[in-house]
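Every chain is numbered from 1, with letters handed out A, B, ... down the list of sequences. Everything quoted here is computed from the prediction, not taken from an experiment.
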Amino acid sequence: MRIFKYAKIDFIMSKRFVLFMLLFPILAFIIVLKDTDSTPLFASIYCLFIGIILSSSPRMSQHQTESGFSKMLPSKSGEDVKGHFLFAFCLLLFSLLLSWIIIGVAALLRPQLDFGPFHYYVLVLGAALVFSGIENLIYYLIPTDYAPQTANLLRLLPGMLFFFGGIFFADSLPNIVLWFVTWINPLRSYILFFLSAIIFLIFMEIAVVRNNSRDAL
Amino acid sequence: MNLLEVRNIQKQYRDFSLQDISFSLPAGYIMGYIGQNGAGKTTTLNIITHLAHTVSGSVSIDGIRFEDDPVKYREMIGYIGDTSYFPEMLTLQNIREILKDFYPSFRPQEFDHYVNRWNLPLKKQIRTYSRGMKVKLMFASVLSRDTKLLILDEATNGLDPMVRKEVLTLLQEYISDGQKSVLFSTHILEDLEQIADYIFFIDNGKKIFCDAREELTDRYLLVRGGNDDLTPALSHALIGIERNKFGFEALYSAKSDIILPAGILTAKPTIDQIVVHMIQEMR
């Protein structure tokens, strides 16, 4: 139960990022509506990209001394870390839902728009989970006395890799992408998503161990 | 019964080590935890609040160690630091909501009472608060729930005299039922003269003394005299001699065998004076 309470703190602290978060769905909406060649899946990728970036923002935006507040709240070992990972997971789900709303609205304006196979979205969510897991794990691996600017730069890497790395991969290796698109089917997508979720949980447990072994302040 | 038991805690940093610190604080009393900057005060408090890990030793509050029951252990502590630990982007309303979620004993009406009493703005971000307002918010958050041990880390630094006086009154009210205690780390030793029952003095990570305040001030005399009065035999019996062109000032142990010569002025020392001369002696 306290895990949910910690996730709630992250939600309270991320309120100020909401406006920023809405910028990307608007951009995605315009692309889906205007670029008739692109798949609506891009809207989800855009939204998940910003979801990954923001999933660790509530903590990264805190000064070191401020983290003492959540560290002193009554809880068992690791519950605060798990709460942060739960927040990240919920934010990615929210990002995906937001992208579906955008695609839905775009479909109203452009009826010929094809949503595409559902399992592609599940697959992309799985990939976002892994990258978000890495990003949140980085937060706990970086020493507490690290320069905030460097720490923030390191934190942004997984999200950037997810988005720009994905685009680079798709552009540079079209044959592999084509093979993958024909290979992937709903069952394989769901299995890959399940594996992604396990990887996310493993990252969470590593973060718990790391957090327990270091001083908060 | 001892409310706080600290046994042989140690902590090693690259350039500092906290060495074998032990003390106990009975329920219903206030202990002043004093020392120079970098002496190890905050490190000790961080170990007690479990924000820092100790390499050895143990800490228990009301007989409970963190390892036994981390939830109850943390519920028993009320911490007020020298800087606000609340995330600066939050508002007082957010803090109230979080405290309500986490502390079963949190009393929202009492929290609102303190908030109104101190005119703390509800909807402004904590970052816009003055230092005094932040300290008051920290007090409101710990006084509106059931705690056993209040830990203050330089909390009264930079506060105006009226607020400081109010804080000292609050601390005395806090321990008045004889069930709770206060561990108060501060540079302002004048505050401790008024409210502390025990004084723990730490220097360079080592315990120098831990005594009841009255016993401590009874144990020494503050002596002043001319430079001619300072014979080698007397110098040997004095602690932390400070010389100037008019004479000297030092501490004199009340148990000393050396009899003070005529013309030496004596007075009961303040804690501040005891500490200053102790540090002078150690240097």
More than 12 heavy atoms from other groups under 6.0 Å of NZ on B/K206: no
So do B/V71 and A/K76 actually touch side chain to side chain, heavy atoms under 4.5 Å? yes
Can you give me the closest heavy-atom contact between A/M72 and B/Y103, atom names plus distance? O-OH, 3.7 Å
Kindly check if the number of other-residue, nucleotide or ligand heavy atoms within 6.0 Å of NZ (B/K100) is above 12? no
Beyond-backbone contact of B/Y79 with A/F69, side-chain heavy atoms, under 4.5 angstrom: no
Any heavy-atom pair between the side chains of B/L90 and A/M13 that's under 4.5 Å? yes
Nearest-0.5 Å distance that lies between atom OG in A/S77 and atom CZ in B/F66: 7.0 Å
Please examine the side chains of A/S75 and B/R74, heavy atoms only from C-beta on, and report whether any two atoms are closer than 4.5 Å. yes
Take a 6.0 Å sphere around CZ of A/F42 and say whether it holds more than 12 heavy atoms from other residues, nucleotides or ligands. no
First locate atom CG of B/N94, then atom NZ of A/K15, and finally report the distance between them rounded to the nearest 0.5 Å. 5.5 Å
Taking atom CZ as the centre, does A/F4 end up with more than 12 heavy-atom neighbours from other residues, nucleotides or ligands that are less than 6.0 angstrom away? no
Using modelled atom types and a 3.5 Å cut-off, is there a donor and acceptor pairing between side-chain atoms of A/R2 and backbone atoms of B/D101? no
Around atom OH of A/Y120, are there more than 12 heavy atoms of other residues, nucleotides or ligands at under 6.0 Å? yes
Taking B/H53 for the side chain and A/N212 for the main chain, is one N or O donor matched with an acceptor at less than 3.5 Å? yes
Heavy atoms of other groups near A/F168 CZ, more than 12 under 6.0 Å: no
Side chain, backbone, both or neither: which part of B/K11 has a heavy atom under 4.5 Å from chain A? side chain
Hey, does A/K8 have a side-chain heavy atom less than 4.5 Å from the side chain of B/E97? yes
Does atom CZ (A/F194) have a neighbourhood of more than 12 heavy atoms from anything else shown, all under 6.0 Å? no
